[in-house]
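From a predicted model like this one, the values you see are computed outputs, not experimental measurements. Counting convention: from 1, in listed order, for ligands and their atoms alike.
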Amino acid sequence: MKHAYANHYAEGRFLPSRGTARMPVVDPSTGVEAGHVASCSTEDVERAIGSARSGFQAWSRSTLDERREALGRLHAQLSARADEATRLLAQEIGCPVWLGGLMQLPMPLKGLELAIEAIGQIDWEERVGNGVVERVPSGVLAAITPWNFPLHQIVAKVAAAIAAGCTVVLKPSEVAPGAAMVFAEAAHAAGLPAGVFNLVWGGPDVGEQLVRHPGVDRISFTGSTHVGRRIMAAAAEGPKPVTLELGGKSAAVLLEDADLDAALPAVLRMSMANSGQACVCQSRLIAPRRLVPEIRRRLQDGLDHWPVGSPLDPATRLGPVATKAQFERVQAMIRRAVAQGGDLVFGGASPDSEARAGFFVQPTLVDGVTPAMELAQEEVFGPVLALMPYDDERQAIEMANATRYGLSGAVWSGDADRARAAARQMKTGQVVINGAPQNLATPFGGWGWSGFGRENGRFGIEELLNYRALHGA
Ligand code: NAD
């Protein structure tokens with residue numbers, strides 16, 4: 001049955017969307033249209049912003065306990081919908097249910113728990129000499145999100161806003177509407193006060209209307225660097241502050257003494273999970289030249305046992321990429337990597353660039369990648385790992401830093417001090433040392449082309465607060 005997303009959410013209720021555009025939702029496993037989203041009209045968006053503005057009057061004065069309770073109810077409602085969200089992510093973006101259960105759902109739920117905790121970690125009021133410095137909600141937030149980890153990206157913005165006393169108009173990606181609808185239904189069932197959370201549907205036009213609208217006070221955007229630039233330019237008219245969480249070209253740096261048994265499976269997971277469609281995907285493996293033959297052999301073996309198939313099958317580790325455009329882009333990048341001298345070790349582009357039955361890209365490993373090559377510089381957003389041999393540690397760090405992006409990275413070494421010293425030289429917002437578990441309470445965000453501003457925990461809430469200094473208070 002085709003799924004129609006016909007309603008948006010404003011004033012605490014679901015309302016029919018009255019735009020003229022009908023955006024198809026395509027099942028990437030088959031390439032067949034599985035539903036559609038009715039976009040919002042200009043008036044619908046106007047009404048949602050009005051809803052957020054009037055909601056702000058009350059929510060900005062809510063107590064910290066009221067915010068904690070609202071987030072707690074949202075957590076309960078979202079948990080109850082976890083299975084539905086996992087299934088929709090498989091059908092709409094091709095994310096294997098394995099990863100849905102491992103990350104796509106646990107991350108937003110943890111994000112909500114951390115936002116609740118973080119409310120108590122913020123200095124809402126601080127005495128400075130004869131003054132009091134208050135931290136106050138900054139207003140109506142326009143949250144614009146992508147499709148790859150859609151529920152996590154929505155929660156990162158909306159939970160921080162609720163905790164900060166702000167209200168939100170969310171414009172999620174038109175590619176993955178199911179996750180956003182599950183979130184809206186959870187927010188409704190959680191009984192959030194009318195106007196605190198609002199959802200509009202649409203593409204770039206609706207996004208731009210939000211960014212330029214005087215009723216919107218600040219923007220939080222996650223998506224491509226290209227669109228991030230456009231959003232920043234449009235926001236400059238306000239001027240209004242923007243948070244940009246953009247693309248990445250993250251490197252895993254393997255030092256000579258790294259434990260290959262631990263490192264290589266972790267690098268494979270971080271490069272292939274979600275078909276490489278993660279902003280923090282470790283798409284470059286920088287490895288000692290001496291170890292490259294062994295590393296190639298082990299990675300090849302790992303990829304050979306990396307099951308590709310239907311995202312609804314619990315055994316599948318690699319589903320299709322999310323869209324036809326993504327499929328064609330990844331195929332073209334693999335071909336150019338080989339044309340530029342890359343040594344194709346595993347996988348590769350399909351014999352023709354047409355997606356026959358679904359947008360499946362083979363897991364791919366290219367060796368001999370040098371910093372000048374496109375594969376070392378441009379985000380692929382596909383299951384493609386570039387192996388970059390180095391001769392000494394200084395060169396390894398130089399290679400890791402030789403991109404305009406700076407979102408994430410990893411360092412592996414048998415010596416914890418040596419690993420930390422290398423990590424401290426990485427020009428990037430986060431570095432994972434020896435496969436440490438993800439810590440969602442730390443600030444998340446990028447340097448350079450990966451954007452600016454921070455999300456998660458206390459840091460994500462502080463991003464949405466303004467200072468007010470009361471002299472003589
Ligand atoms: P995208 O930039 O194409 O779109 C993101 C969102 O912006 C969508 O909701 C889209 O409709 C909207 N949009 C597009 N043009 C707009 C405009 N002119 N004005 C306002 N809104 C507009 O990105 P995508 O293809 O959905 O996602 C993939 C990209 O997101 C990758 O580059 C990836 O690295 C990046 N990403 C970054 C992070 C991070 O936290 N740093 C996380 C996930 C994904």
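Here Phe197 and Phe183 bring their ring centres to under 6.0 angstrom of each other. No close placement of the Trp201 and Phe14 rings is indicated, their centers lying 6.0 Å or farther apart.
Between Arg135 and Glu462 there is a salt bridge, with a side-chain nitrogen of the basic residue lying less than 4.0 Å from a carboxylate oxygen of the acidic one. Taking a cutoff of 4.0 Å between a charged side-chain nitrogen and a carboxylate oxygen, Arg458 and Glu117 do not qualify as a salt bridge.
In this structure, a donor-acceptor pair under 3.5 Å is present between the side chains of Thr243 and Glu463.
Residues lining ligand 1 at a heavy-atom distance below 4.0 Å are given as Ile144, Thr145, Pro146, Trp147, Asn148, Gln153, Lys171, Pro172, Ser173, Glu174, Pro204, Gly207, Glu208, Phe221, Thr222, Gly223, Ser224, Val227, Arg230, Ile231, Glu245, Leu246, Gly247, Cys279, Glu379, Phe381, Leu407, Phe444, ordered by chain and residue number.
The CG atom of Asn198 lies 3.5 Å from the OG atom of Ser51; values are rounded to the nearest 0.5 Å.
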